[in-house]
Protein chains: 2
Amino acid sequence: MTSEALGQCLGAHPVVVRRTMGLLREAGLVSAERGHNGGWRIAADLETVSLRQLHIVLGEPALFAVGHRNEAPECLVEQAVNAALEGTFAEAEALLMARFADVTLADLARDFARRHAERRTRQE
Amino acid sequence: MTSEALGQCLGAHPVVVRRTMGLLREAGLVSAERGHNGGWRIAADLETVSLRQLHIVLGEPALFAVGHRNEAPECLVEQAVNAALEGTFAEAEALLMARFADVTLADLARDFARRHAERRTRQE
DNA sequence: TCTCATGTAATTCTATATGTTACGAATAGG
DNA sequence: CCTATTCGTAACATATAGAATTACATGAGA
């Protein structure tokens, strides 16, 4: 699949697709070929790639939109809030990571196939 | 405490402080007085106000930085990912909310007092 | 050799949060 | 009563991050 086509599907610009896919390529999850009939190809076993692995490969972006703004704040109030919640965020992160690890690309592919079949059935 | 002074503590502009504190005022958690010797005053029992209540009062900002970008996407892949993770995010949110509900302003005040005393001891 | 693709750097665009300015209204002190 | 102070709020400016765009080089195949 070309970056152009992927960009259409994702609603994103081809160059943005290349930037992101580049991270997956460096991790060996996909390969890219240039020129005629080139594009992106899956290079890993779907059964063994989990969402957790993708999260790591994509640079472990922050999971939470709230919480620790400074890791070691001067402000004693901020320190108190951080202390009260740091265990909580660690717990929530562990939960999310465990669940991410439990979902493989193969799982998603199976669910996709099911939804695709259902959509075709409904259209007939 | 004036918005000016609060802004100093928070490293924020007084008008921004007023904007945010205004939400707390509407919820009855603080009161504001204008003119000489005016400013903000706590108007609630610290023992009964939890971080969860603050989160609600401040407009329930998004907790997660990742996840559902569209609630009802056309894309079947996105649908499959959402379906695989929606329970997970709900669980994590419930966990965070439960913990937030468990921390009162009084708890934070006590921890603040402890840290303040400790800092003074260390400085002597 | 020409076209199609990726690879990547540099620049521009855009959306959001914050900062800033401005002015009105209320309050206390002189 | 007048003035300084402080909140209330709208309007505008700025900063920031992410995405989009442009530009150009590289490689592959017809």
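In what follows, chains are A, B, ... by sequence order, proteins preceding strands, each numbered from 1. Just the heavy atoms: all of them, side chains too, but no hydrogens, waters or symmetry mates, feed the values below.
Side chains of B:Leu96 and A:Thr88 form a contact here, defined as non-hydrogen atoms less than 4.5 Å apart.
Looking at residues two or more places apart in sequence or on another chain, you find a salt bridge (charged side-chain N to carboxylate O under 4.0 Å, His left out) between A:Glu91 and B:Arg99. For the side chain to side chain donor-acceptor pair (under 3.5 Å) test, residues two or more places apart in sequence or in another chain that qualify with B:Thr104 are B:Asp107. For A:Arg115, the side chain to side chain donor-acceptor pair (under 3.5 Å) partners are A:Asp111, B:Gln79, not counting sequence neighbours. Under the rule for a side-chain contact (heavy atoms from CB on, under 4.5 Å), the partners of B:Cys9 that lie at least two apart in sequence or sit in another chain are B:Met1.
Residue pairs meeting the ring pair (Phe, Tyr, Trp, His ring centres under 6.0 Å) criterion with at least one partner in residues 83-103 of chain A, sequence neighbours excluded, are A:Phe64-A:Phe89.
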Check residues 40-59 of chain B and write down every donor-acceptor pair under 3.5 Å in which the side-chain atom is one partner and the other belongs to a residue at least two apart or another chain.
| unit_1 | atom_1 | unit_2 | atom_2 | d |
| --- | --- | --- | --- | --- |
| B:Trp40 | NE1 | B:Ser3 | OG | 2.8 |
| B:Asp45 | OD1 | B:Glu47 | N | 3.0 |
| B:Glu47 | OE2 | B:Arg110 | NH1 | 3.0 |
| B:Thr48 | OG1 | B:Asp45 | O | 3.0 |
| B:Ser50 | OG | B:Arg52 | N | 3.4 |
| B:Ser50 | OG | B:Gln53 | N | 3.1 |
| B:His55 | NE2 | B:Pro61 | O | 3.0 |

Side-chain donor-acceptor contacts of residues 116-124 of chain B below 3.5 Å, not counting sequence neighbours, with atom names and distances?
| unit_1 | atom_1 | unit_2 | atom_2 | d |
| --- | --- | --- | --- | --- |
| B:Glu118 | OE2 | B:Arg122 | NH2 | 2.8 |
| B:Arg119 | NH2 | A:Glu74 | O | 3.1 |
| B:Thr121 | OG1 | B:Ala117 | O | 3.0 |

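Here the range on DNA chain D touched by chain A, meaning any atom under 4.0 Å from one of its heavy atoms, is D:dA19 to D:dG29.
Using a 4.0 Å heavy-atom criterion, one finds that A:Gly11 contacts the sugar-phosphate atoms exclusively.
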Requested in this report: Summarise protein proximity over nucleotides 4-14 of chain C in one line of letters, 5' to 3': B for base, S for sugar-phosphate only, - for none, counting protein heavy atoms closer than 4.0 Å.
Outcome: BSBBBBB----

